[in-house]
S.K.: 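There's a structure below that I have some questions on.
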Amino acid sequence: MNSPAPSPDRIPRALSRRSFLRAGAGAGLLAAGLPALQACSLSSNGGNAATALTFMNRWSDPNSQKAANAMFSGFTKATGIKITNQVQPSSGSTYQPAVRTAFSSNTPPALATDISGPEVYNLARAGVLMDLTPIYQGIKSKARAGAVAGSEVDGKIWGLSDGATIGNCVFYNPDYLAKYHVDAATITTTSQWLAAMTRIKKAGGTPILIGAKDQWPGGHYLNDLVQRRLGSAAATELYNRTVLPEQGDKVKWTDDQVIAAFRDYLAFKPLFQDGFLGEAAATTDGQFLAGKAGFYEMGSWLLSTMRQTPPSFTPGVMLFPTVEGGVGHGNEVTLGNDTIIVSAKANADAVRKFFDYFMRPDSLARWSGSMFVSPPYRFDASAVKVDSPVLGKLFGRINSFSANAGPDGAALFNDQAIDVNIYSRYIWQGSVGLMTGELSPERLCQKLEEATVRAQQKLG
């Protein structure tokens, strides 16, 4: 039996989806707390700015370090400019504060990677970042949806994506589905998907898994459904209301389409496995890879799990289907987006040379395969090398999602874009409240709107 969850008003706020996307709860105070540093030197490294850069990052695991060091040495070989690899532990709870501290100092790193969204907005408004709009204009023809997602504020570009995970993926087991005469390739709408899963359930199968104990998987569904109901641009406007004072209220949580999206989530409740509120995502990862269900909504980082735990079947993957009555398209993607930010003190010419090198098709192909990310730029995805034919095929498919999303077809994850206190209380925890019946879609959306209005008032 699924155990009831406490109300969002009574649950602590310190939650996490994945450590590499977790931002500290104090991020919203950054703009007021950081000094507006001026570009008073050519380099944050001292010495000759044309021959040295420092790059702060959290690519700390052995695979990421190997990829980062290869990229840095390749750049040095191509340009003669040395990069110091300033690697930090890959924990969002410590890394984001470390970035804020570094950029508020007199000797910030020339470049750093950070999560897109409020972290970047606050650093930009504190005056410590270089305006990358001129650089972006030079590479705009190569950019795809998501290249600047979560990095554009005040009409300027303050970061460029170093790679994204695609969050609104639905993995499936063709062998399991075939037993119930379901072909995932024919599913394009949620109505078709729900009908197919209902047939599986009635026949005694397990149509879909969710690890709702961790709360963020339910937030995924709310994210996917809001995006399909509103479209990426309107969803971004809605989320940005919680972190940008001038965003306005053209899109509200209490709008009919948002309430409908939350109501859509309830349709999945009878299709999830028994006891889903008490199971963790790590458990359901293993259950799906062991062939115990037909579908699994999960981000592209599941490929890294498959690297460690090969599936017992050959998985397929599709994007979350369209929602009838929604204005979002079925090719729009949700991104867990990391971005490269640049100190206002860094040498612009050296920085431009770095981005020129990083955006080379061969550089992007190597980076994509090494890091298992989908850089939102044009490059030859067929040149990406992955150490498994099964994973290579899946990764190629996921890269195609990014390529086919369209110019306005990407939005950040809600828990990357929305104020941390709001998403943890009313998206993650609220998704559990919907499943237990403690909250109705209308009530939860009202709570979200009230919290957003309060956040706007604090932002001034």
Side-chain angles (χ1 to χ4, degrees), residues 13-34 36 58 91-104 112-129 131-132 146-162 164-165 167 216 219 223 226 232-233 235-249 251 253 334-342 410-428 448 451-460:
R13 301 180 182 184
L15 299 171
S16 175
R17 170 161 63 93
R18 297 182 304 283
S19 63
F20 72 92
L21 278 181
R22 185 172 60 193
L29 303 178
L30 179 61
L34 271 178
R58 55 183 167 188
S91 168
S93 61
T94 60
Y95 182 74
Q96 270 79 53
V99 172
R100 296 173 214 145
T101 299
F103 274 82
S104 67
T113 185
D114 205 351
I115 57 172
S116 304
E119 292 286 327
V120 175
Y121 299 158
N122 290 327
L123 287 167
R125 290 192 155 177
V128 299
L129 297 187
D131 175 8
L132 299 181
V148 296
S151 298
E152 187 172 4
V153 66
D154 298 331
K156 296 179 180 180
I157 306 300
W158 301 98
L160 294 172
S161 175
D162 63 75
T165 51
W216 56 261
N223 190 99
V226 166
S232 296
T236 298
E237 286 186 45
L238 177 64
Y239 300 161
N240 278 348
R241 287 181 58 212
T242 69
V243 293
L244 294 178
E246 72 284 358
Q247 188 63 41
D249 60 358
V251 187
W253 292 100
T334 301
L335 301 181
N337 208 18
D338 266 21
T339 192
I340 299 172
I341 54 178
V342 181
L412 291 183
F413 263 115
N414 52 22
D415 62 1
Q416 187 174 348
I418 297 173
D419 173 86
V420 62
N421 296 320
I422 292 176
Y423 76 66
S424 64
R425 292 173 68 83
Y426 300 111
I427 298 293
W428 286 358
L448 272 161
T452 298
V453 170
R454 289 195 297 270
Q456 281 280 307
Q457 291 169 346
K458 291 181 180 179
L459 290 168

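All values derive from a computational prediction rather than experimental measurement.
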S.K.: Starting at OH of Tyr426, measure out to OG of Ser424 and round the result to the nearest 0.5 Å.
M.R.: 9.0 Å
S.K.: What is the minimum heavy-atom distance between Leu448 and Ile427, and which atoms define it?
M.R.: CD1-CD1, 3.9 Å
S.K.: Please examine the side chains of Arg241 and Val453, heavy atoms only from C-beta on, and report whether any two atoms are closer than 4.5 Å.
M.R.: yes
S.K.: Quick one, Tyr423 and Thr242 - any side-chain contact, counting heavy atoms below 4.5 Å?
M.R.: no
S.K.: Would you confirm whether Asp338, through its side chain, and Thr113, through its main-chain N or O, come within 3.5 Å as a donor-acceptor pair?
M.R.: no
S.K.: Taking atom CD1 of Ile157 and atom CG of Leu129, what is their separation to the nearest 0.5 Å?
M.R.: 12.5 Å
S.K.: Drop me the distance from Leu132's CG to Lys156's NZ, to the nearest 0.5 angstrom.
M.R.: 11.5 Å
S.K.: Whether the side chain of Gln96 engages the backbone of Asp114 through a donor-acceptor N/O pair (distance < 3.5 Å, no angle test) should be reported.
M.R.: no
S.K.: A side-chain contact here means heavy atoms from C-beta on lying under 4.5 Å apart; do Glu119 and Thr339 qualify?
M.R.: no
S.K.: Any donor and acceptor pair, going by atom type alone, linking the side chain of Asp419 with main-chain N or O of Asn421 inside 3.5 Å?
M.R.: yes
S.K.: Can you tell me if Trp158 uses its side chain to pair, donor with acceptor, with the backbone of Val153 under 3.5 Å?
M.R.: yes
S.K.: Under the side chain to side chain contact (heavy atoms under 4.5 Å, CB included) criterion, do Val226 and Tyr239 qualify, and how do the steps go?
M.R.: CA-CA 11 Å; Val226 166; Tyr239 300 161; 3.7 Å; yes
S.K.: Is Ser161 reaching over with its side chain to a backbone N or O of Val148, donor-acceptor style, under 3.5 angstrom?
M.R.: no
S.K.: For a 4.5 angstrom cut-off between non-hydrogen side-chain atoms, does Ile115 reach Arg58?
M.R.: yes
S.K.: Please check this pair: side chain of Asn223 against backbone of Phe413, looking for a donor-acceptor N/O pair closer than 3.5 Å.
M.R.: no
S.K.: Looking at Asp249, is its backbone amide N or carbonyl O close enough to the side chain of Glu237 to form a donor-acceptor pair, meaning the two atoms are under 3.5 Å apart?
M.R.: no
S.K.: Just by distance, do the side chain of Gln416 and the backbone of Ser116 share a donor-acceptor pair under 3.5 Å?
M.R.: yes
S.K.: Taking Asn337 for its side chain and Gly146 for its backbone only, find out whether a donor-acceptor pair lies under 3.5 Å.
M.R.: yes
